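It should be emphasised that the depicted structure is a prediction, and the values quoted were computed from it without experimental measurement.
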Amino acid sequence: MKNKLKYIFFFFGACAFAQESDSTEVAYKKRVLESTEIDFLASYYKQDGIHSAVSGGRGMENLTDITPTVVVAMPLSDDEVLTIDVGVSAYTSASSGNINPFDSNTPSPWQASSGASASDQLTSLVGSYSHSSDDRNTVWNAHLSGSVEYDYFSIGFGGGLTKLFNDKNTELTVSTNVYLDTWKPIYPKELQDFADYGLGGGIFNYFTITSTASDPYNPSNFKFHDNKNRNSYSLSLAFSQVLGKKVQFSLFADVLQQQGLLSTPYQRVYFADKADYFINEFPISRRYRKIT
């Protein structure tokens, strides 16, 4: 009788243990990002040349750009990630500095200028948020960005949706972005001073003028820009398919619309029907000569 009772208690105990194990079992879900990640990036760019557009095709094109960037990705939960991207692009440019070459005693296209556009720093900040579904087959994201420099300000926002199919071998993404920009045009010094003083003041009074023109320099038809906005809207589609262990096929399509002041006309153009007009060594207008 005692042995029978032992077997009965053992049977019920095993059943209870099995029921308890089944009731507390929880499926494991891997986090999209296990811990905070910090990336430090940097780029360096340098160029040289003697055909500067700002000087009408003649002059220094020296430019140096250094861009340090910090990217921080932080998990907010198993499914959410917040990313902060901060960067600074600092450049020096003898070419764009010659928008105002008259900041020395001998203005020349071959001499570096220290004008307002000779150096600048672009500071940018981008914050983005992404959320993944439990099966990791759906990801949506949104971002907000801003950047500023001496003559430019930009704010942007957008978002996207990604769907994964066929055991993540097929990927389809749709995204949209909007950028609202405002910039401050930096006009050539000779146009600014002519608008303010005419031929009797500013650089026209400070420097020596030589000309073969029968008529005096007179850009009276020049008009300053009224609209200083540049807005961009884009819609992007991307399709990707894994074809094998070493082959993947991708297809991208973009639709882009821009409105406002789309060009940055920091250049001087000389025409064959205009006579030479120099302020010291810097040409304001000149007959076209082939540059070799």
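One finds the OG atom of S108 at 9.5 Å from the CG atom of N280 (value rounded to the nearest 0.5 Å). In this structure, CZ on F278 lies 8.5 Å from OG1 on T212, to the nearest 0.5 angstrom. N100 contributes atom CG, which lies 10.0 Å from atom CD1 of I186 (distance to the nearest 0.5 angstrom). Between the OG1 atom of T208 and the CD atom of E281 there is a distance of 10.5 Å, given to the nearest 0.5 Å. Between the NZ atom of K30 and the CG atom of D79 there is a distance of 13.5 Å, given to the nearest 0.5 Å. To the nearest 0.5 angstrom, S154 atom OG is 9.5 Å from R230 atom CZ.
Considering all non-hydrogen atoms of both residues, V81 and A73 come closest at CG1-CB, 4.4 Å. Summarising the geometry of L122 relative to S147, their closest heavy-atom pair is CD1-CB, 3.8 Å, with the distance given to 0.1 Å. Heavy atoms only, all atoms of each residue included: S145 and V126 are closest at CB-CG2, 3.7 Å. Pairing each heavy atom of D193 with each of G202, the nearest pair is OD2-CA, 3.3 Å. In terms of heavy atoms, F207 sits closest to P107 at CE2-CD, 3.8 Å. Minimum interatomic distance between H143 and G159 (heavy atoms only, all atoms of both residues): CD2-N, 4.3 Å.
Residues S89 and D65 form a side-chain contact, since some pair of their non-hydrogen atoms from C-beta on lies under 4.5 Å apart. Here the side chains of F40 and P68 are not in contact, with every heavy-atom distance at 4.5 Å or above. Annotation: side chain of V54 is not in contact with side chain of Q267 (no heavy-atom distance under 4.5 Å). Side-chain atoms of F165 and N137, non-hydrogen and from C-beta on, never get closer than 4.5 Å to each other. Using a 4.5 Å heavy-atom threshold, the side chains of E37 and V72 count as separate. Counting heavy atoms from C-beta outward, L161 and L172 have side chains that stay 4.5 Å or more apart. In this structure, the side chains of L144 and Y129 stay at 4.5 Å or more apart for every pair of heavy atoms. Using a 4.5 Å heavy-atom threshold, the side chains of L191 and P219 count as touching.
Other residues, nucleotides and ligands contribute more than 12 heavy atoms inside 6.0 Å of the CG atom of N227. Counted within 6.0 Å of OH on Y197, heavy atoms from surrounding residues, nucleotides or ligands total 12 or fewer; the atom is thus considered open. The environment of K184 atom NZ is sparse: at most 12 non-hydrogen atoms of other residues, nucleotides or ligands sit within 6.0 angstrom. Under a cut-off of 6.0 angstrom, the local environment of OH in Y206 is sparse, with at most 12 non-hydrogen atoms contributed by other residues, nucleotides or ligands.
S285 places no side-chain N or O within donor-acceptor distance of the main-chain N or O of D276, the cut-off being under 3.5 Å. With hydrogens and angles ignored, the 3.5 Å screen pairs no side-chain donor or acceptor of R268 with any backbone N or O of P188. Listed for the Q192 side chain is a donor-acceptor partner under 3.5 Å among the backbone atoms of Y187. Without hydrogens or angle criteria, S133 side chain to T138 main chain gives a donor-acceptor distance under 3.5 Å. The backbone N or O of L180 lies less than 3.5 Å from no partner atom in the side chain of N231, so there is not a single donor-acceptor pair.
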Problem set entry | Step-by-step side chain to side chain contact (heavy atoms under 4.5 Å, CB included) determination, F194 to I203 | CA-CA 9 Å; F194 185 85; I203 60 173; over 6 Å; no
Exercise. Passes side chain to side chain contact (heavy atoms under 4.5 Å, CB included), V174 versus L235? Steps please.
Worked result: CA-CA 8 Å; V174 57; L235 175 65; 4.1 Å; yes
Exercise. Is there a side chain to side chain contact (heavy atoms under 4.5 Å, CB included) between E190 and F102 once you walk through the steps?
Worked result: CA-CA 9 Å; E190 63 270 22; F102 308 105; 3.7 Å; yes
For this session: Might you work through the side chain to side chain contact (heavy atoms under 4.5 Å, CB included) test for Y150 and S119, ending with a clear yes or no?
Result: CA-CA 9 Å; Y150 173 79; S119 62; over 6 Å; no
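Taking the six-membered ring for Trp and thresholds of 30 and 60 degrees, H225 and W183 have ring planes inclined between 30 and 60 degrees apart.
Using modelled atom types and a 3.5 Å distance limit, the side chains of D85 and T69 yield no donor-acceptor pair. Side-chain contact check for S236 and D254: at least one donor-acceptor pair (N or O, by modelled atom type) lies under 3.5 Å. Side-chain contact check for N141 and S130: no donor-acceptor pair (N or O, by modelled atom type) lies under 3.5 Å. Looking at S52 and E61, their side chains never bring a donor and an acceptor atom within 3.5 Å of each other.
Residues Y179 and V255 fall into different hydrophobic clusters, defined by Ile, Leu, Val, Met, Phe, Trp and Tyr side chains chained together at heavy-atom separations under 4.5 Å. Hydrophobic clustering of Ile, Leu, Val, Met, Phe, Trp and Tyr side chains at less than 4.5 Å, counting indirect connections, keeps Y233 apart from L261. F222 and L199 fall within the same hydrophobic cluster, defined by Ile, Leu, Val, Met, Phe, Trp and Tyr side-chain heavy atoms under 4.5 Å apart, directly or through other members. Using a 4.5 Å cut-off between side-chain heavy atoms of Ile, Leu, Val, Met, Phe, Trp and Tyr, with links allowed through other members, L41 and V86 fall into different hydrophobic clusters. Two different hydrophobic clusters hold Y91 and M60 under the rule that ILVMFWY side chains link at heavy-atom gaps under 4.5 Å.
Aromatic pair F204/Y217: centroids less than 6.0 angstrom apart.
When each of T36, L76, L33 is tested with L82 by the rule side chain to side chain contact (heavy atoms under 4.5 Å, CB included), just one qualifies, namely L76.
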